[in-house]
Amino acid sequence: GQWGTVCNDYWNLANTRVVCRQLGYAGATTYRTSAYIYYGQGTGNILMDDVNCDGSETTLSLCSFRGWGVEDCSHREDAGVVCTGSTHVRLVGGPTSNQGRVEVYYSDQWGTVCDDNWDLDDARVVCRQLGYPGATTFRANAYYGQGTGNIWMDDVNCDGSETALSSCPFSGWDVSDCSHSEDVGVVCSTSGTVSDGDVRLVGGSSSYEGRVEVYHSGVWGTVCDDEFDNNEAEVVCRQLGYSTSQPKARGGAYYGQGSGTIWLDNVNCYGSESRLSHCNHNVWGSNDCGHGEDVGVECNDINLAVIIAISVTVPIVFIIIVVVTAVCVYLRYRRRGNMTATTVAYSGFQQPELQVSVGNKQTQPSSAAYPSPNSNTVTSHPGDCPPSYPMATGQAPAYPPQGNAHPFPHSGDAYPFGPQPGGVYSPPQPTGGYPPPS
């Protein structure tokens, strides 16, 4: 085997994170596409070109590239990286490299972290320390299996801005009241790569408020409160996807003092810009402020995506209801206008059809029609619901029959349920079910 360089074609921060993570560093600060200026030109083979990582890979060789030794570069295009801080955390036992049980390295050995008081801010610090852009969720109660050895940390309480888990308040090294059944785990996000000019809110009691921090040259920094008012706050909220209704700017390190570089000062927005970096401001890093002037923002907690979803969904649901209602009404009146008598089968008997007239139209009785005078003809008019079926005399028996009642008249009953003039009525013979009447 032999060492070789990597060409800077398509090189980006995601590739840089993979290199730094593979080398055991906490994250990537920036990269150098003209590395020969900083580190000199390499020698020998250029082994990789057109490298394209998504940021979640554990080694650079797992990223897509043209193939070993396949390139069109010179050593003036050697890529370089700048990593930050040696890592003291790792994820163990997960199905993928971006999730697992949190373990920290202390006193020359790895140990676990208890889930007491653990929240998403703590998970974000772990993931960011490992070079991921953020945290999706966390898992309590040894979700990824129980670890062994010491439980190094308990009652961890990060505000989310820390660069390392050990910088967060906790109970003290090896001070805990936990067992390994309480080992905590996290799931880090692998998408949403941070770009220059991105903003975030840190240190607030919810995700929609906090100290404003902006990403530049691979490093998060704060924003000075000079000239910063609700116009600037509106732009920050819009950039983060929150509603721009009644945003509030909070000066004087309202959400706590940040650390590191103060990237922006004298920011002046119209309020319509899509990103804070599009507003007028001093040159990046040029300021006359201290961290006691770090500005914060409080946005409306209604996310713009939710508003858009509601505004689209409600009219669609209303239209569906109107259409369904109209169809039902149409079908109902259509059935009324085309009503015909039918033969009903029940328990092996057939009920004779009745002659029905609708408007000026009259249906033809079937061959088994009930022999009756014209008074038994049923007339239906539009709007009758349900239509009535008058009988000459008496009351029609319940149908279907209740209990052991027979659905047809007895021969001794009064006309029209008994003998007719000129003959004796014989009810239809049963084909099954109820016994014939006595």
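Residues N230 and K248 come closest through the heavy atom pair OD1-CA, 3.6 Å. Residue D9 comes nearest to C73 through the heavy atom pair OD2-SG, 3.4 Å, listed as atom of the first residue, atom of the second, then distance.
Legend: residues meeting side-chain hydrogen bond (donor to acceptor under 3.5 Å, both in side chains) with E213, ordered by chain and number and at least two apart, are R200, R211. Not counting sequence neighbours, the partners of N98 by the side-chain hydrogen bond (donor to acceptor under 3.5 Å, both in side chains) test are T96.
Applying side-chain contact (heavy atoms from CB on, under 4.5 Å) to E298 and the options Y254, Y242, Y255 leaves one that passes, Y255.
Considering only heavy atoms from C-beta on, C237 stays 4.5 Å or farther from Y208 through its side chain. In this structure the side chain of V267 never reaches within 4.5 angstrom of the side chain of N280, judged on heavy atoms. Between V81 and W11, some side-chain heavy-atom pair lies under the 4.5 Å cut-off. With contacts defined as side-chain heavy-atom distances shorter than 4.5 Å, the pair N287/D226 does not qualify. Taking the side chain as every heavy atom from C-beta outward, R238 and T244 approach each other to under 4.5 Å.
Applying the disulfide bond (SG atoms under 2.5 Å apart) test to every pair with at least one member in residues 30-63, sequence neighbours left out, gives these pairs: C53-C63.
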Practice problem: Report the C-alpha distance between D225 and R250 in whole Å, list the side-chain angles of each, state the deciding distance to 0.1 Å, and finish with yes or no for salt bridge (Lys or Arg N to Asp or Glu O under 4.0 Å). | Solution: CA-CA 8 Å; D225 61 12; R250 306 284 194 183; over 6 Å; no

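Ion pairing between D78 and R32 fails under the 4.0 Å rule for side-chain N and carboxylate O.
Proximity of a side-chain donor or acceptor of N300 to a complementary backbone N or O of S243 within less than 3.5 Å is not detected. Of the possible donor and acceptor atoms, none in the side chain of T137 sits under 3.5 Å from a partner among the backbone N and O of V187.
Residue Q41 qualifies as enclosed at atom CD: its count of foreign heavy atoms under 6.0 Å is above 12.
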